Number of protein chains: 2
Amino acid sequence: MRPTPSTDTQRPPTITDVAREAKVGKTSVSRYLNGEFDSLSEALRLRIQQAIGTLGFRPNQMARGLKRGRTRMIGMVVADISNPYSVEVMRGVEAACQKQGFMLMVCNSDNQLELEKRYLDLLTNYRVEGLVINPIGLPEEDLASISNAGLPLVIIDRRAVHLQCDMVGLDNRQAAALATQHLLQQGFQAIHFFTEPIGQISSRSEREQALRQVVAAAGKGYSASTVELDMADSAALADALRKTLKSKKRSAIFAGNGRMLLNVALGLQQLGARWPEDIGLLGFDDPNWAALAGSGITGIRQPTFDIGHAALDFLVQRIDGIVSPARMQAFPGELIVRGSTGAPKNVTET
Amino acid sequence: MRPTPSTDTQRPPTITDVAREAKVGKTSVSRYLNGEFDSLSEALRLRIQQAIGTLGFRPNQMARGLKRGRTRMIGMVVADISNPYSVEVMRGVEAACQKQGFMLMVCNSDNQLELEKRYLDLLTNYRVEGLVINPIGLPEEDLASISNAGLPLVIIDRRAVHLQCDMVGLDNRQAAALATQHLLQQGFQAIHFFTEPIGQISSRSEREQALRQVVAAAGKGYSASTVELDMADSAALADALRKTLKSKKRSAIFAGNGRMLLNVALGLQQLGARWPEDIGLLGFDDPNWAALAGSGITGIRQPTFDIGHAALDFLVQRIDGIVSPARMQAFPGELIVRGSTGAPKNVTET
DNA sequence: CTGTTAGCGCATTCAT
DNA sequence: ATGAATGCGCTAACAG
């Protein structure tokens with residue numbers, strides 16, 4: 001007996017096939033699939049189980065979704081999947097999804113607004129039951145239209161002003177203040193905040209504001225500056241670094257996120273500058289390589305997994321029909337101190 | 001006029017709603033949706049367009065999928081999403097998906113075999129049209145059952161022996177040989193391959209074999225050893241490192257992937273060992289922080305994005321019905337030389 | 001060019 | 001305890 005001919009691409013067996021094979025009605029099979037064993041005789045249950053096995057039947061989720069009006073799918077759109085921060089958040093979301101019986105569709109908008117829109121559309125069309133989004137900018141209009149359409153939505157790492165929807169993220173003010181105080185304590189007098197363009201992005205502006213506030217409160221003699229940089233523009237970065245290194249005061253660079261921290265560190269290295277001897281260095285996200293770079297880089301660790309998990313929990317509550325005003329959950333950041341913010345000492349040679 | 005009452009969760013408008021609103025038949029709306037404008041009068045087209053707009057109608061992909069028998073969804077299961085390698089591959093797959101009009105569902109099996117199985121099941125139930133998988137071990141049985149069910153499948157970074165399906169990955173032998181030759185040229189005599197448990201995982205064993213082969217060909221005086229380590233077991237790692245550091249010969253550690261490289265570097269740092277002074281260091285994956293660690297770490301860069309892209313191209317060909325024996329595409333690796341494999345010199349003090 | 005009809009695979013009344 | 005019939009939103013014949 002030779003294998004099935006070219007028509008190897010059999011369409012998958014349907015509930016009807018199972019019913020026929022088991023010599024029962026489709027209804028009974030459906031009941032079996034939904035675990036309604038109370039209303040099934042032992043005999044039927046066994047026949048059905050048998051039939052499903054021999055046919056290799058798998059219930060079509062599309063059809064179920066269509067019928068029940070719920071797909072058990074969650075969509076997630078991430079601004080930059082190559083940022084480990086996003087990946088960690090995603091892991092939290094996924095773990096929570098699994099506990100709750102949802103399937104996660106992840107899309108990477110790759111920092112392109114157009115792509116983000118497209119994915120939002122697509123996910124909507126696929127009738128996901130909820131959306132977790134870490135938006136690029138903050139296309140409040142687009143998001144509003146989604147939210148208004150009744151689709152539950154939770155935003156990560158951004159605070160929307162005009163939009164009524166749940167938000168989860170870091171307590172940026174607390175975290176930035178914590179780090180800035182540390183820098184001042186360590187004797188740094190000029191703090192340079194290196195960030196991607198702040199624009200309308202709340203997490204960035206909150207970090208900047210808190211930084212400035214703490215520095216201002218420290219009195220004169222202390223200064224804060226902000227450098228907005230495009231991640232791709234390494235020339236601009238080098239310029240800014242050179243300028244910063246010339247500062248008379250004891251200076252430190254505060255990187256707005258893990259990627260920026262990487263770029264800054266690489267840039268400093270190329271310029272032959274070392275931390276903390278030539279300049280202090282500290283960044284958000286505490287990437288896993290932070291201990292390796294020179295004498296280690298001080299960082300702010302975010303509870304990324306929890307953030308993702310919390311986001312999905314919010315979402316599921318909405319899906320389950322809870323009504324409540326928009327909520328906001330801000331997790332505290334933790335300061336991990338390493339060599340790059342060591343006390344000023346120019347004594348390297350013994 | 002107060003806002004819509006509690007029933008704010010309106011079900012989305014359907015094609016029927018549009019048809020009624022535009023005073024046309026559902027068929028015409030369907031035609032409109034599918035771009036069959038040739039068979040639509042200007043008048044109808046406009047009315048439909050109008051109706052879609054005012055209703056905010058979005059075609060239900062589930063229903064379309066059910067009807068047409070194709071969902072335009074691709075499933076991807078990744079063994080470890082927190083490995084940047086996987087993320088980069090995923091970006092390649094996603095980019096290709098978009099070009100081809102597919103939607104990608106990504107799942108992270110988190111190195112748990114059970115989870116992997118579950119996700120494979122789930123994706124199958126959702127009737128994805130193809131599967132890209134970077135398997136944990138190589139559950140050939142499970143994969144075989146999928147493949148035999150007629151679902152196109154492409155495996156990433158693994159070579160399946162008994163399984164007939166397309167594979168995409170690195171040319172592990174070439175890459176490992178290239179790196180090993182470099183180490184020998186640089187004067188290293190004992191090469192220690194640090195890897196996660198090799199098991200049935202072809203990429204790992206191929207790397208090891210190529211390494212041993214090159215070392216063997218170099219003649220006596222040269223030696224190769226393999227250390228298999230669980231990523232979580234830092235004590236075992238420390239032990240292994242201590243042992244390696246005691247070696248009389250000029251030694252180098254060859255890390256089996258980026259994560260292992262990170263752990264090794266951190267471990268060495270904790271032991272106070274430096275590269276290349278105390279030991280040579282080199283690893284697969286060339287992580288983006290490699291230049292920052294000490295005098296930089298030499299790495300093997302993989303064309304991850306291309307790998308992902310190629311995988312999806314293979315997959316789509318299968319989906320489009322191409323019949324051909326299992327194919328295998330192996331991309332070459334590139335050696336990025338940095339300080340960690342510098343020539344042996346114990347002259348650090350001037 | 002346009003509309004009517006009949007399912008896609010499944011869950012759900014409603015009978016029996 | 002079981003099954004027949006109906007419809008979810010959409011596309012694809014098949015008529016006009």
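A, B, ... follow the sequence lines: proteins, then strands. Residue 1 opens every chain. Source: prediction; values computed, not measured.
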- Evaluate the side-chain proximity of A:Met105 to B:Met73: yes if any heavy-atom separation is below 4.5 Å, no if none is. yes

- Short side-chain N/O contact to C:dC8 OP1/OP2 from A:Asn60, under 4.0 Å: no

- Message: Expected output is a numbered-order residue list: members of residues 38-49 of chain B with a heavy atom under 4.0 Å from any atom of DNA chain D. What is it?
- Response: none

- Note on the structure: Nearest heavy-atom approach of B:Arg127 to A:Pro13 is NH2-O, 4.4 Å

- Looking only at non-hydrogen atoms, find the nearest pair between B:Val78 and B:Ser86 and report the distance. CG1-CB, 3.4 Å

- Specify the closest pair of heavy atoms between A:Arg158 and A:Ile136, including all atoms of both residues, with the distance to one decimal. NH2-O, 3.5 Å

- Message: Looking at B:Met62, is its backbone amide N or carbonyl O close enough to the side chain of B:Asn60 to form a donor-acceptor pair, meaning the two atoms are under 3.5 Å apart?
- Response: yes

- Task: Identify the two heavy atoms, one from A:Leu151 and one from A:Leu131, that lie closest to each other, and give their separation to 0.1 Å.
- Result: CD2-CD2, 3.8 Å

- Message: I want to check something: taking the side chain as every heavy atom from C-beta on, are A:Phe102 and A:Leu315 in contact at a cut-off of under 4.5 Å?
- Response: no

- Ignoring hydrogens and angles, tell me if any N or O in the side chain of B:Glu88 forms a donor-acceptor pair with the backbone of B:Phe305 under 3.5 Å. no

- Item | Short side-chain to backbone donor-acceptor contact, B:Asn34 and B:Glu36, under 3.5 Å | no

- Query: For residues 61-68 of chain B, which residues have at least one heavy atom under 4.0 Å from DNA chain D?
  - Reply: B:Ala63, B:Arg64, B:Lys67, B:Arg68

- May I ask you to say what A:Phe57 touches in the nucleic acid, namely base, sugar-phosphate or nothing, with a heavy-atom cut-off under 4.0 Å? sugar-phosphate

- Message: So does A:Thr71 get a backbone contact from the side chain of A:Glu129, meaning a donor-acceptor N/O pair under 3.5 Å?
- Response: yes

- Item | Nucleic acid contacts of residues 13-27 of chain A, taken as heavy-atom distances under 4.0 Å to DNA chain C | A:Thr14, A:Ile15, A:Lys26, A:Thr27

- Span of DNA chain D, from the first to the last nucleotide whose atoms fall under 4.0 Å of chain B heavy atoms: D:dG9 to D:dC14

- Item | For A:Ala79 against A:Asn108, the heavy-atom pair lying closest together | O-OD1, 3.8 Å

- Query: With a 4.5 Å heavy-atom cut-off, do B:Tyr85 and B:Ile156 have their side chains touching?
  - Reply: yes

- Is a donor on one side and an acceptor on the other found under 3.5 Å between the side chain of B:Asp157 and the backbone of B:Gly169? no

- Query: Between atom CD in A:Glu36 and atom P in C:dT13, what is the gap in whole Å?
  - Reply: 11 Å

- Message: Rounded to whole Å, please give me the gap between CZ in A:Arg70 and P in C:dC10.
- Response: 16 Å

- Task: State, to the nearest 10°, the angle formed by the axis through the first five base pairs of the helix from C:dC1-D:dG16 to C:dT16-D:dA1 and the axis through its last five.
- Result: 40°

- Message: How many whole angstroms separate atom CZ of A:Arg58 from atom C1' of C:dG9?
- Response: 15 Å

- Message: At less than 4.0 Å, is any side-chain N or O atom of A:Arg11 found next to OP1 or OP2 of C:dG9? Yes or no.
- Response: yes

- Item | Test side-chain contact (heavy atoms from CB on, under 4.5 Å) applied to A:Leu123 and A:Met76, step by step | CA-CA 9 Å; A:Leu123 289 169; A:Met76 178 168 184; over 6 Å; no

Going by atom type alone, with no hydrogens or angles, which donor-acceptor pairs under 3.5 Å involve a side-chain atom of residues 16-25 of chain B and a protein atom two or more places apart or on another chain?
residue, atom, partner, partner atom, Å
B:Asp17, OD2, B:Thr14, N, 2.7

- Salt-bridge test for A:Glu94 and A:Arg91: reply yes if a basic N is under 4.0 Å from a carboxylate O, no otherwise. no

